[in-house]
Amino acid sequence: MSAELKNTMSFSEEQSMLLDTAVEFCKAASPIAEVRDLVLTDSGVRADVWQQIVDLGWTGVAVPEDFGGSDLGLAAVVPLAESMGRHLFGGPFVATQLATQTLVAGANAEQQAHWLPKIVAGSAATIAFAENDGSWDLQAISTTLTAGVLSGSKTLVLDAQIAELIAISVRVDGQVAIALLPSAAIPTTQISRDVVLDETRRSYSVVLDGVRVEPDQLITGAAAAAALQATEQAAWLLHAADACGGIHATIDLVVEYLNTRTQFGRKIGSYQALKHPTVDMLMGLERARSHVYHAASLLSAQDDAEVALRMAKAESDDAYNFAADRAIQFHGGFGFTYECDAQLYLRRALWLQYQFGDSPYHWAALQPLLLGN
Amino acid sequence: MSAELKNTMSFSEEQSMLLDTAVEFCKAASPIAEVRDLVLTDSGVRADVWQQIVDLGWTGVAVPEDFGGSDLGLAAVVPLAESMGRHLFGGPFVATQLATQTLVAGANAEQQAHWLPKIVAGSAATIAFAENDGSWDLQAISTTLTAGVLSGSKTLVLDAQIAELIAISVRVDGQVAIALLPSAAIPTTQISRDVVLDETRRSYSVVLDGVRVEPDQLITGAAAAAALQATEQAAWLLHAADACGGIHATIDLVVEYLNTRTQFGRKIGSYQALKHPTVDMLMGLERARSHVYHAASLLSAQDDAEVALRMAKAESDDAYNFAADRAIQFHGGFGFTYECDAQLYLRRALWLQYQFGDSPYHWAALQPLLLGN
Amino acid sequence: MSELAEFRSEVSAWLSENRPAEPDFLLPETFMEVGTDSQFHYLRDWQQQVYEAGYLGMSWPREYGGGGKPQALQDIVTAEMARLNTPFMMNTIGLNWAGPLILSRGSEDEKQRYIQAILSASEIWCQGFSEPDHGSDLGSVQTRAVRDGDDYIVNGSKIWTSLGQHAKHMILLARTDPDASNKYAGLSFFLAPMESPGIEVQPIRKLTGEFGFNQTFFNDARIPATCRMGAEGEGWQVAMSTLTFERGVSGGQAGGTSMIAMKVADVVELARRAKRHGKPAIEDPWVRDQLVRFLSEEQGDRLATARAKHPALVVDRPGALALSGKLRHTEHRRRLCQFAIALQGANGARYMGDAQAIEGGKWQRSYFNAFSATIGGGTSQVQANIIGERVLGLPKH
Amino acid sequence: MSELAEFRSEVSAWLSENRPAEPDFLLPETFMEVGTDSQFHYLRDWQQQVYEAGYLGMSWPREYGGGGKPQALQDIVTAEMARLNTPFMMNTIGLNWAGPLILSRGSEDEKQRYIQAILSASEIWCQGFSEPDHGSDLGSVQTRAVRDGDDYIVNGSKIWTSLGQHAKHMILLARTDPDASNKYAGLSFFLAPMESPGIEVQPIRKLTGEFGFNQTFFNDARIPATCRMGAEGEGWQVAMSTLTFERGVSGGQAGGTSMIAMKVADVVELARRAKRHGKPAIEDPWVRDQLVRFLSEEQGDRLATARAKHPALVVDRPGALALSGKLRHTEHRRRLCQFAIALQGANGARYMGDAQAIEGGKWQRSYFNAFSATIGGGTSQVQANIIGERVLGLPKH
């Protein structure tokens with residue numbers, strides 16, 4: 001094994017306050033009936049709720065102060081993402097945070113000055129890194145930029161229809177680069193909605209053929225590599241945080257039902273066949289959550305966080321998928337209906353599992369890191 | 001995948017009668033108090049019980065009629081091994097059967113004529129294929145035969161102290177051969193007992209340096225390869241059968257206790273935390289047993305049985321180790337004592353798991369067979 | 001070539017030539033999943049075509065619309081359908097439950113009236129046994145049927161009434177005597193016309209997002225007393241004999257496949273085609289390990305069926321294999337579907353209707369639908385109780 | 001170099017130079033596993049040596065034999081012992097339970113009488129709380145102590161009394177008033193001399209084949225009333241305060257390691273050395289997959305402890321981490337030992353005493369011993385009930 005794993009765990013006063021606010025706000029802003037209503041809408045988000053998020057300063061939490069943000073870093077976004085996951089938020093918050101990381105880690109001063117203040121002020125942004133083969137390797141890019149014109153297409157692009165900025169990974173002369181493209185540059189006919197399991201999410205496929213990119217819209221070289229890495233790591237962290245919130249809510253849902261429903265004359269929660277797996281859900285949550293806040297702490301300390309992040313992503317995916325699967329089962333016939341909220345969590349759990357590497361992918365990636373080749 | 005898997009399942013009248021007899025005999029001949037008494041003995045077997053086994057004709061079941069056997073084939077040994085496993089038999093039956101397979105598959109007519117009638121008449125025999133590195137690859141042989149003299153040592157040799165014949169895998173000029181050595185040829189000072197988990201078994205390490213082998217005591221060439229393969233496959237099958245018997249007994253032990261012991265005012269078997277894993281034990285047994293009798297059926301039909309045998313070994317090892325582990329736990333404080341019979345099954349389960357390939361080894365070996373390379 | 005072999009190749013050829021073109025929507029995998037009119041019509045047309053070709057109800061009597069031929073021929077057809085993966089015969093309740101029942105216990109009139117329409121799928125049947133809140137304990141049926149002159153007046157509701165909105169008839173279990181000596185003795189069995197006033201079918205949306213099962217409400221619904229099968233109070237016995245047909249124990253079914261069976265081999269094929277981070281999933285060590293375990297589990301289940309045919313090999317706990325079948329198969333299927341999604345990399349998150357969804361999103365849908373079997377007909381948890389108590393003799397709660 | 005850093009390197013040097021040679025028998029991993037006289041003497045000598053060097057009880061008062069130094073120094077020693085994997089301090093009940101209790105609640109006489117002998121291991125202590133058939137519910141203690149003049153007469157029996165055969169004293173919980181208002185109020189607490197007539201220690205053989213825990217029988221055993229700690233009827237409170245020392249909640253322990261901790265890193269090292277079919281086990285894909293999962297699980301547990309220090313991160317279900325600790329750790333250990341055996345190929349079947357057993361068969365023994373923790377102190381199944389009911393608020397049976 002390489003070095004001993006650390007057990008850094010920092011949680012600042014600011015983070016603590018953000019967590020308190022987020023728990024309250026998300027609960028009030030996203031009751032489950034609202035979540036179901038938003039499933040039927042085009043954007044998946046309520047404009048007034050988004051505005052409140054902006055007013056709370058959340059879109060600027062990870063933005064440097066020079067650009068109007070509060071510069072608390074990615075770790076401060078974790079309690080927000082967790083609380084949103086707990087209440088099944090849709091909307092462009094996560095995508096915007098990922099694009100923010102791309103900008104902070106890779107964009108030059110002018111690009112940052114152009115985009116970051118807009119983001120702080122409420123413009124949505126997103127990243128387009130995935131391609132059709134379903135690979136999680138962000139280096140596997142077929143989209144090319146030749147003589148200023150794109151060729152190729154991207155998929156599973158969150159919130160492409162409302163994002164003002166789309167950060168697109170491309171190859172220029174074989175080298176990785178990122179195009180910071182105003183979405184207005186892409187004809188709307190080239191953007192089509194994906195049908196994904198999680199109906200609270202809005203995901204799109206984007207055909208880029210013929211779209212022009214100006215030289216000053218590019219991130220290249222080492223900056224592009226840094227941006228890709230920072231964005232990927234942010235995605236692992238925020239997806240894991242979202243999952244932790246979701247497991248929490250799933251457990252609440254199950255416990256409530258197990259304390260209500262009666263069969264053969266007893267509350268069903270008194271049966272060990274239901275009680276003990278529910279305890280397993282709880283232990284899965286506690287473990288995943290410890291990994292998540294640890295990974296966030298390492299990032300704050302600018303420590304190497306790859307192992308911690310991969311563990312956080314893998315543990316939270318496994319725990320959420322276990323919990324949501326059991327939630328369906330434990331609700332019996334009602335669990336099999338669309339009306340039962342358990343399906344909302346299961347769909348979110350599956351969505352998170354298959355974004356930016358599922359748990360077996362991360363377990364495999366951890367092997368050389370922890371055991372050598 | 002290669003061809004569709006077959007579902008051959010034959011069970012002859014003879015096998016059925018053997019099974020009936022074996023169930024009755026083993027139950028009577030091996031009560032658990034007897035098993036514990038034999039743990040303290042040197043040989044691990046009662047001479048009168050062994051004589052009864054011989055009188056029943058079991059040592060000749062897989063021996064051709066020409067040599068005094070009943071020529072029912074290896075499949076007919078399965079119900080015997082299963083019943084013996086169920087009653088935790090020690091003694092040289094399994095080892096003798098494996099050596100029998102070596103002789104039947106590889107020895108020449110004179111060698112067969114020399115040894116097989118002795119075996120039918122009650123002489124114990126064994127195989128010495130394993131070496132110190134713990135490898136299950138029977139081709140990994142360091143023991144050599146040069147100018148008629150052996151060099152090297154073997155280990156985990158069952159019943160070496162009472163076996164009259166020891167079949168030893170060696171390399172002669174780099175080629176695999178098998179020496180059919182009368183145990184009298186090995187100085188007793190070169191045979192030392194192994195301490196193994198299963199206290200009902202007698203296992204030995206044998207230093208072979210300087211021991212002479214005559215040319216007519218050798219199996220070489222294709223015959224040696226065939227003998228190795230037949231013996232290995234027999235070991236997989238009989239170990240799996242032994243395990244099935246053991247799972248059966250473990251379930252009986254657990255069910256008995258769960259129906260007796262009371263806690264918090266209820267029979268503990270009424271708790272789902274104990275009831276449902278006990279059902280899992282049962283399903284594990286049923287699955288493993290189906291694989292075992294299927295593999296035996298394929299061997300009877302002289303069909304390719306490798307996939308079936310490996311599945312049988314892997315499934316039975318996993319099911320037995322699960323059952324015995326849970327048996328300790330479900331017996332509570334008493335389960336932690338030497339006095340509780342659960343430990344006898346756990347030790348046997350571990351012994352079987354680590355002979356001739358544990359379950360992960362066979363799962364891995366099944367991959368190219370079922371999925372291609 | 002033997003006569004049977006010749007017949008097999010004739011069937012095989014007919015099926016290959018006549019199987020309907022793959023539709024542009026995802027087909028259901030059992031009759032319980034028929035959720036749209038397009039699915040319904042596609043499957044009904046296919047059943048009709050098969051019947052008209054003489055390949056359905058082959059062993060049922062000629063005088064009622066069957067083929068009057070040996071069962072062996074029908075078995076060949078069924079096996080070929082399974083092998084070629086043709087769409088299933090959708091009038092399942094009619095073919096496997098109501099039809100055999102009517103043939104074995106029905107009057108001459110009833111046979112004339114119902115059998116041919118079951119085979120041709122011109123009259124669809126549904127099932128009215130289960131009720132909300134009573135799970136799989138049929139003894140607790142609460143739906144009341146009160147005799148009123150030549151009719152019964154029915155009140156109550158039934159759940160899982162798949163195909164209810166298309167059905168012309170329902171096999172209905174209702175309580176005619178609430179004061180009977182035991183809860184089973186007060187039940188009666190009806191071949192109920194669905195068009196009776198007071199019967200309302202309300203579709204229930206599944207977690208898949210689709211429709212496909214229903215709740216059927218009875219509000220003073222009038223059902224002619226002539227529709228009763230068996231005497232008043234004999235409903236339980238009639239229902240039980242229906243269940244023996246359903247489980248194939250006593251034979252008598254019309255034949256043809258009744259579902260798209262899921263095989264691990266299909267997932268192996270998926271693993272060859274689908275990619276995980278740029279490589280065929282089948283090259284991933286974790287995937288390979290899981291696949292061989294799934295194959296061994298599936299093979300163990302197949303072999304259990306083969307072993308059950310040798311009484312000497314099942315003497316020890318005779319009920320073990322039969323009583324554990326539902327639990328083993330349904331949980332296997334759920335886990336297998338879950339795993340099949342994991343082969344798809346980032347595309348695992350796509351769903352039905354997405355242009356790039358792997359195999360149209362069928363594995364995602366199958367995973368969701370798998371819960372119908374781990375929940376319906378007694379949850380897996382209840383199944384484990386049953387096995388523990390009845391097979392192992394562990395104490396009830 | 002800071003003073004503390006200097007001290008750390010001094011301790012490290014001393015431990016490295018003075019650690020006793022590896023014995024030719026397998027050492028126990030906790031005091032509960034001390035089963036032979038050789039193990040006992042080896043460990044007692046080592047504790048004595050450490051104490052005499054001034055590295056044990058460093059923060060306990062000088063006047064009773066302690067070092068009178070800051071706790072921080074003792075913590076450094078303990079950490080170095082863990083890091084260097086030196087044998088543990090075997091008089092565990094004295095060092096971690098009885099000693100802190102006497103220091104906090106005992107009389108001057110008691111402090112003079114007991115403390116130094118605890119540290120030097122010249123007087124061994126054992127524990128008499130649990131009883132056969134009552135598991136971990138201390139409220140159900142049945143052992144009776146009846147006042148008779150200056151003595152109590154004790155009858156009953158205690159189980160899991162590790163080191164009982166070597167112990168000079170037992171911390172004993174017994175029932176002095178069977179008619180008390182509630183089952184906790186009738187208990188009293190004693191520092192009982194083990195040499196009293198009528199006390200018999202009977203060793204119990206474990207599934208490992210070794211001895212190491214006992215049942216202690218009291219047959220009209222006379223114990224001086226002066227040995228009572230606290231008032232009559234206050235036994236429950238005294239016992240509970242002892243438990244807070246044991247769990248390290250309130251500090252006050254003498255320091256030093258009290259067990260050989262099992263780390264996944266040790267299993268990783270084993271995987272580098274041990275071979276599975278001819279290759280280092282660590283090259284096997286299945287082994288690698290399992291190892292990273294074990295590492296992540298272990299790391300999650302460590303991080304839980306770190307997280308528990310931030311109140312904001314444990315507000316939701318405050319008892320979750322604390323109440324689940326035993327279940328998590330003990331089950332992890334059982335599975336880890338089981339896995340460590342699987343790294344050894346055919347040699348996995350060997351056991352203690354075999355010349356070729358990998359690491360003397362310690363993993364096989366550890367697997368067996370692991371059940372003491374998944375069973376003792378409330379089985380894992382009972383732990384899961386407790387978490388479900390107290391943390392999640394699920395209904396009791």
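Treat the numbers as computed from the prediction; the structure is a model and nothing was measured. Residue numbers begin at 1 in each chain, while the letters A, B, ... track the order of the sequences.
Ranked by heavy-atom pairs shorter than 4.5 Å toward chain B, the options K275(D), R276(D), Q364(D) are led by R276(D). Comparing Y361(B), F356(B), W351(B), F330(B) by heavy-atom pairs within less than 4.5 Å of chain D, the highest count is held by Y361(B). Between chain B and the residues A342(D), G353(D), G278(D), A357(D), the most heavy-atom pairs under 4.5 angstrom are made by A342(D). Interface check for chain D: of the options D133(B), L346(B), D198(B), D137(B), the most heavy-atom pairs under 4.5 Å are formed by L346(B). Here S135(B) is the residue among S135(B), G333(B), A364(B) with the most heavy-atom pairs under 4.5 Å with chain D. Of all the listed residues (L344(B), D194(B), N321(B)), the one sharing the greatest number of non-hydrogen pairs under 4.5 Å with chain D is D194(B). Put simply, of Q353(B), Q343(B), R326(B), E339(B), the one with the most heavy-atom pairs under 4.5 Å next to chain D is R326(B). The residue among I375(D), I358(D), I204(D) with the most heavy atom pairs within less than 4.5 Å of chain B is I375(D). In terms of non-hydrogen atom pairs under 4.5 Å with chain D, the most contact-rich of D358(B), T337(B), L156(B), L352(B) is T337(B).
At a 4.5 Å heavy-atom cutoff, N385(D) makes no contact with chain B through either its backbone or its side chain. In this structure, chain B has heavy atoms under 4.5 Å from both the backbone and the side chain of Q338(D). With a 4.5 angstrom heavy-atom cutoff, Q329(B) touches chain D via backbone and side-chain atoms both. For F213(D), the part sitting under 4.5 Å from any heavy atom of chain B is the side chain, from C-beta outward, and nothing else. Residue contact with chain B, scored on non-hydrogen atoms closer than 4.5 Å, involves the backbone and the side chain of S380(D) alike. When heavy atoms are compared at a cutoff of 4.5 Å, S203(B) does not approach chain D at all. For R205(D), the parts sitting under 4.5 Å from any heavy atom of chain B are the backbone and the side chain alike. At a 4.5 Å heavy-atom cutoff, the contact between I341(D) and chain B is made by backbone and side-chain atoms alike.
The side chain to side chain contact (heavy atoms under 4.5 Å, CB included) test with V94(B) is passed by exactly one of R201(B), Q355(B), M84(B): R201(B). The one candidate from R334(D), E29(D), K362(D), K206(D) that meets the side-chain hydrogen bond (donor to acceptor under 3.5 Å, both in side chains) condition with N369(D) is K206(D).
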Between R202(B) and T126(B), does the side chain to side chain donor-acceptor pair (under 3.5 Å) criterion hold? Intermediate values first, please. CA-CA 11 Å; R202(B) 293 298 171 270; T126(B) 191; over 6 Å; no
Evaluate the side chain to side chain donor-acceptor pair (under 3.5 Å) criterion for residues R175(D) and T143(D): first the C-alpha distance (whole Å), next the side-chain angles of each, then the deciding distance (0.1 Å), finally the verdict. CA-CA 6 Å; R175(D) 187 164 299 279; T143(D) 296; over 6 Å; no
Criterion side-chain contact (heavy atoms from CB on, under 4.5 Å) on Y271(B) and R266(B), from CA distance to verdict: CA-CA 8 Å; Y271(B) 291 103; R266(B) 285 163 57 189; 3.3 Å; yes
One pair to check against side chain to side chain donor-acceptor pair (under 3.5 Å): T374(D) and E331(D). What are the steps and the verdict? CA-CA 6 Å; T374(D) 61; E331(D) 289 291 336; 4.6 Å; no
If you apply the rule salt bridge (charged side-chain N to carboxylate O under 4.0 Å, His left out), what do you find for R293(D) with E297(D), and how did you get there? CA-CA 6 Å; R293(D) 291 169 195 259; E297(D) 185 180 358; over 6 Å; no
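Geometrically, R36(B) engages Y338(B) in a cation-pi contact defined by less than 6.0 Å to the ring centre and at most 45° from the axis. In this structure, R335(D) fails the cation-pi test against F294(D), since its NZ or CZ atom is not both closer than 6.0 Å to the six-membered ring centre and inside 45 degrees of the ring normal.
Inter-residue side-chain proximity for Y367(D) and D325(B) is flagged as met; some heavy-atom pair is nearer than 4.5 Å.
Checked against a 6.0 Å centroid threshold, the rings of Y351(D) and W363(D) do not count as neighbours.
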